[in-house]
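So you know, we letter chains A, B, ... as the sequences are listed, proteins then strands, and number each from 1. The model shown is predicted, which means the values in this text are computed figures rather than measured ones.
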Amino acid sequence: MKITLKIWRQKNAENPGRLVTYERDGVSADMSFLEMLDVLNEDLTAKGEEPVAFDHDCREGICGSCGVVIDGVAHGPQRTTTCQLHMRSFADGDTITVEPWRADPFPVIKDLVVNRGAFDRIIAAGGFVSVNTGAAPEAHATPVPKVDADRAFEAAACIGCGACVAACPNASAMLFTAAKITHLGALPQGQPERAARVVSMLDQQDAEGFGGCTNIGECAAVCPAGVPLETISQLNFDLRRSMTPSRRH
Amino acid sequence: MTDGLIDGLYREGEPIADTKAPGVPLAERWSTRVFGGHLVSPNNRRKLKIIVIGTGLAGASAGATLGEAGYQVTSFFFQDSPRRAHSIAAQGGINASKNYRNDGDSTHRLFYDTVKGGDFRSRESNVYRLAEVSGNIIDQCVAQGIPFAREYGGLLDNRSFGGVQVSRTFYARGQTGQQLLLGAYQALERQVAAGTVTTHNRHEMLELVVVDGRARGVIVRDLVTGEIETHLADAVVLASGGYSNVFYLSTNAMGCNVTASWRAHRQGALFANPCFTQIHPTCIPVSGEYQSKLTLMSESLRNDGRIWVPVAQGDTRDPRDIPADERDYYLERAYPAFGNLVPRDIASRAAKRVCDEGRGVGPGGLGVYLDFADAIARLGRDAVVAKYGNLFDMYRQITGEDPYQVPMRIYPAVHYTMGGLWVDYDLQSTIPGLFVVGEANFSDHGANRLGASALMQGLADGYFVLPNTINDYLSAGPFDTVPADHPAVVEAVTSVQDRIQALLGTRGTRSVDSFHKELGQIMWEHCGMERTEDGLLEGIEKIRALRREFWADVRVLGEAGELNQALERAGRVADFLELGELMCIDALHRRESCGGHFRAESQTEDGEALRNDDEFAYVAAWQWGGGDGAPVLHKEALHYENIELKQRSYK
Ligand SMILES: Cc1cc2nc3c(=O)[nH]c(=O)nc-3n(C[C@H](O)[C@H](O)[C@H](O)COP(=O)(O)OP(=O)(O)OC[C@H]3O[C@@H](n4cnc5c(N)ncnc54)[C@H](O)[C@@H]3O)c2cc1C
Ligand code: SF4
Ligand code: FES
């Protein structure tokens, strides 16, 4: 099929960027979106033009490296990662606009590549269980009800891609943070630090410049890992509870 | 050393031995070694710097644990976050001999299965230790909050993987690697907050600094600014993963590469068993020219899916219309004891064989069916969704077909590299102070890795083995400060800069990817699932010619001082072009079949791999020959004292 691409090109963080149009022919419906960009890059290289920079690694929807805004939607028309999107989701003659994540805490590095280091710092602020290697009890010492384990898993499935932030009009990272709060809060191992965790992770989220959550729900609508919106309610519940002095330990 | 070239390709040097494993009975070796090694007092650890390359399971677990111990850890990785290392993609699970199923599992059985699965080309000492610490890994991961699959009673669930008859695989749906890596990543970030670990994302190691015979640092490129930086330390740990991408198409993440290992190899570290690669039987077949990678469908699917092809050649009927008696469930037929759960090398070759017979299915006849109709009838659709839902979704996303309705089509693809840098029992390479963990080393899987054992090995190395063995080396430190203008440092920096200039300066006509694809085709054809004397010799010639063409005609646009993804790939492909040749030489010299290494000249009557223990029960550890010089082979003899060496049988 034939398509027209309008791709954001930006040399580096200092330079302003702009949309550049590329006409493409012979695009196969079985190609992944990124393979379509690979072929574009091969053609650009042949013509002596610099290829488009974009992040990707696993191309299996799990590493969270890839992610661009396609026609205004983070990861594009299917609820999946950009790397798992296939050209069969588009029609012959389509014009497709491709832009990087847009959010102040995710500054553009080049073309479609952004800096998501803020996510790592939110995790470093408390997204863990403090257990040194070798200090663990026998795995079966604490049974975990299957429903709790499943709920923890559902939230832990977050791939850290940042689509939730890109989709949110406030550039809030609430779904990302709530996913970790819910994951660890659902398990017995996460209880001792539960109250402190929610406070420190939210403080870091604010310090990074992410916006507040106003319950719009765009985040969960684009989340390729299916992290449920209810995790944010869980976060708010944990936050309220952490403010009750008797519970804070 | 022999003077003349053997086969016109290599020389043979002195044998090599692992001197660190104590000569006590197998079950006492690890505790004896830990007790025998020197310790570093907590006060002194603060003064010692360790560089860790990579944040996959091996690197993140090592970095976190060494940080907890109080060392100063600096960690480098080329992705933008430690959580994105290739380990994240592991699907099926992690082994441990907990014997929670009461099905006769034990340390000894896991040890036995792994050595046998590896077709008797791994070290007894290392594998036994791996089995010994496997249970601790599960304890650690559960304590970190890893949401493993559980049963209704709240206890951990297990499943079975290829090559074994017990259920010892722990899993988190089809995302086990993700969950384990997030656990290690969170532990690492906790140390970042504690100030013991510093992470450098988007940094690629391009050279190892060796001073007075010791590994003392690395030269890295900041992938955002292009700056070349020198980082010095008391020890260097490589956790840089495997090199399957030498085949271009593989199940590995796009960035997986051999550069860190290869640079260390060129500085003197021996490279062991490079030709031992694993071809995974269950991957989604290639769909077109533009294909950039192959997607694995977890081996766990073989627990419930049944593999078959039509009995007749060229049968193009809808699979659902083919009656049972016209289907050949060839694994169940040929291997009744293990059925669909035979080890990977056997399942892959069997698939190739039926396709070579003209019974393959799908485009080009390069595929076999993996059918869930019986499982759905037996367990119900919901149970199948719960176990494999995400894999089925992934399959549908990629192929546009619904595996709940029609059988999946699968075909083997390159997946894992058992070979890697040679290490002793302490996981130390032949360069003192250079340690190698995870898939980057060669140590535990012999000629074939069993499913769910790479995650186990990566975490065993990082959480439990390295943090114990590295103390012995570091107890002699801190070593003398290396000045930034030391000749070895200057030389390393200059060589990195020259190489980048050469890559950018060529301005030829062919893209980096076109070279990579061509190399991949050569490797697949000549050093893939079936290898022959003539094919390998031809492959070596082709690789040499391609390498010459690469340096004369590669086109890398853009500049050195900026984010330049083509330049990153160019450096990796340049190293693959050298590695590929060594793999072929290794495959050529090993005139036997074992595990994933199948030499057509060495097979049994019914087409199974035929080992030659009299001549080849050794690890082939290769020394860099330098320039166009021939590589030098050092043999480490393998001794089996606790397991009887015998031909594998899964019938
Ligand atoms: C699709 C798939 C599924 C799998 N499923 C399973 C499974 O179910 N069970 C199992 O046991 N095994 C499985 N495996 C194998 C297993 O995932 C890997 O062997 C294992 O994760 C490797 O871990 P690692 O830590 O050694 O390396 P990796 O996870 O590959 O990490 C390598 C790290 O090194 C860094 N790096 C590399 N080179 C450089 C450089 N030059 N400079 C700086 N940094 C560098 C990278 O940034 C990365 O952080 C699977 C593999 C694949 C491909
Ligand atoms: S919550 Fe969803 S959208 Fe946000 S980072 Fe995680 S996976 Fe991506
Ligand atoms: S490239 Fe890994 S999620 Fe898309």
Most heavy-atom pairs under 4.5 angstrom with chain B, which of [options]?
| options | answer |
| --- | --- |
| A/Gly117, A/Ala149, A/Ser89, A/Gly160 | A/Gly160 |
| A/Glu42, A/Arg121, A/Gln78 | A/Glu42 |
| A/Asp57, A/Leu187, A/Asp111 | A/Asp57 |
| A/Ser65, A/Ala46, A/Pro145 | A/Ser65 |
| A/Arg151, A/Lys180, A/Arg88, A/His183 | A/Arg88 |
| A/Ala155, A/Ser32, A/Gly48 | A/Gly48 |

Checklist entry - Can we say B/Arg202 and A/Asp55 salt-bridge, meaning some charged N sits less than 4.0 Å from an Asp/Glu carboxylate O? => result yes
When only pairs under 4.5 Å are counted, which of [options] shares the most heavy-atom pairs with chain A?
| options | value |
| --- | --- |
| B/Thr295, B/Leu156, B/Ile398 | B/Ile398 |
| B/Thr399, B/Asn201, B/Leu182 | B/Thr399 |
| B/Ala172, B/Ser287, B/Gly288, B/Gly183 | B/Ala172 |
| B/Met394, B/Lys98, B/Arg510, B/Gln179 | B/Gln179 |
| B/Ala64, B/Gly145, B/Gly67, B/Ser87 | B/Gly145 |
| B/Phe148, B/Phe464, B/Tyr100 | B/Tyr100 |

Pick one of side chain, backbone, both or neither for [X], based on which atoms fall under 4.5 Å of a heavy atom in chain A.
| X | value |
| --- | --- |
| B/Gln140 | both |
| B/Leu294 | backbone |
| B/Gln565 | side chain |
| B/Asn136 | neither |
| B/Glu151 | backbone |
| B/Glu568 | neither |
| B/Thr509 | neither |

Please check if the side chain of [X] supplies one atom and the backbone of [Y] the other of a donor-acceptor pair under 3.5 Å.
| X | Y | value |
| --- | --- | --- |
| B/Arg507 | B/Val556 | yes |
| A/Arg197 | A/Gly190 | yes |
| A/Asp92 | A/Met1 | no |
| B/Lys293 | B/Thr251 | yes |

Please give me the minimum heavy-atom distance between [X] and [Y], naming the atom from each residue.
| X | Y | result |
| --- | --- | --- |
| B/Tyr248 | B/Ser292 | OH-CA, 4.2 Å |
| B/Ala184 | B/Ala60 | CB-CB, 3.8 Å |
| A/Pro100 | A/Val114 | CB-CG1, 3.9 Å |
| B/Ala460 | B/Val133 | CB-CG2, 3.6 Å |
| A/Arg24 | A/Leu5 | CG-CD1, 3.7 Å |
| B/Leu181 | B/Arg83 | CD2-O, 3.4 Å |

Could you look at [X] and say if it's the side chain, the backbone, both or neither that has a heavy atom under 4.5 Å from chain B?
| X | answer |
| --- | --- |
| A/His56 | side chain |
| A/Ser28 | side chain |
| A/Val113 | side chain |
| A/Thr45 | both |
| A/Asn12 | neither |
| A/Val27 | neither |
| A/Cys83 | neither |
| A/Leu34 | neither |
| A/Val144 | both |
| A/Ala135 | backbone |
| A/Arg59 | both |
| A/Glu138 | both |

Is it the case that the side chains of [Y] and [X] hold a donor-acceptor pair, with the cut-off being a distance below 3.5 Å and no angle test?
| X | Y | answer |
| --- | --- | --- |
| A/Asp120 | B/Tyr185 | yes |
| A/Gln234 | A/Asp238 | yes |
| A/Gln204 | A/Glu208 | yes |

Below 3.5 Å, can you tabulate the donor-acceptor pairs from side chains in residues 123-133 of chain A to any protein atom, sequence neighbours excluded?
| unit_1 | atom_1 | unit_2 | atom_2 | d |
| --- | --- | --- | --- | --- |
| A/Ser130 | OG | A/Glu193 | OE2 | 2.5 |
| A/Ser130 | OG | B/Arg190 | NE | 3.4 |
| A/Asn132 | OD1 | B/Arg190 | NH1 | 3.0 |
| A/Asn132 | OD1 | B/Arg190 | NH2 | 3.0 |
| A/Thr133 | OG1 | B/Thr65 | OG1 | 2.8 |
| A/Thr133 | OG1 | B/Glu68 | OE1 | 3.3 |

Item to check | All side chain to side chain donor-acceptor pair (under 3.5 Å) counterparts of A/Glu154, not counting sequence neighbours | outcome: none
Checklist entry - Between A/Phe210 and A/Phe106, does the ring centroid distance fall short of 6.0 Å? => result yes
Checklist entry - So is A/Arg116 actually on top of A/Phe176's ring, under 6.0 Å and inside 45° of the axis? => result no
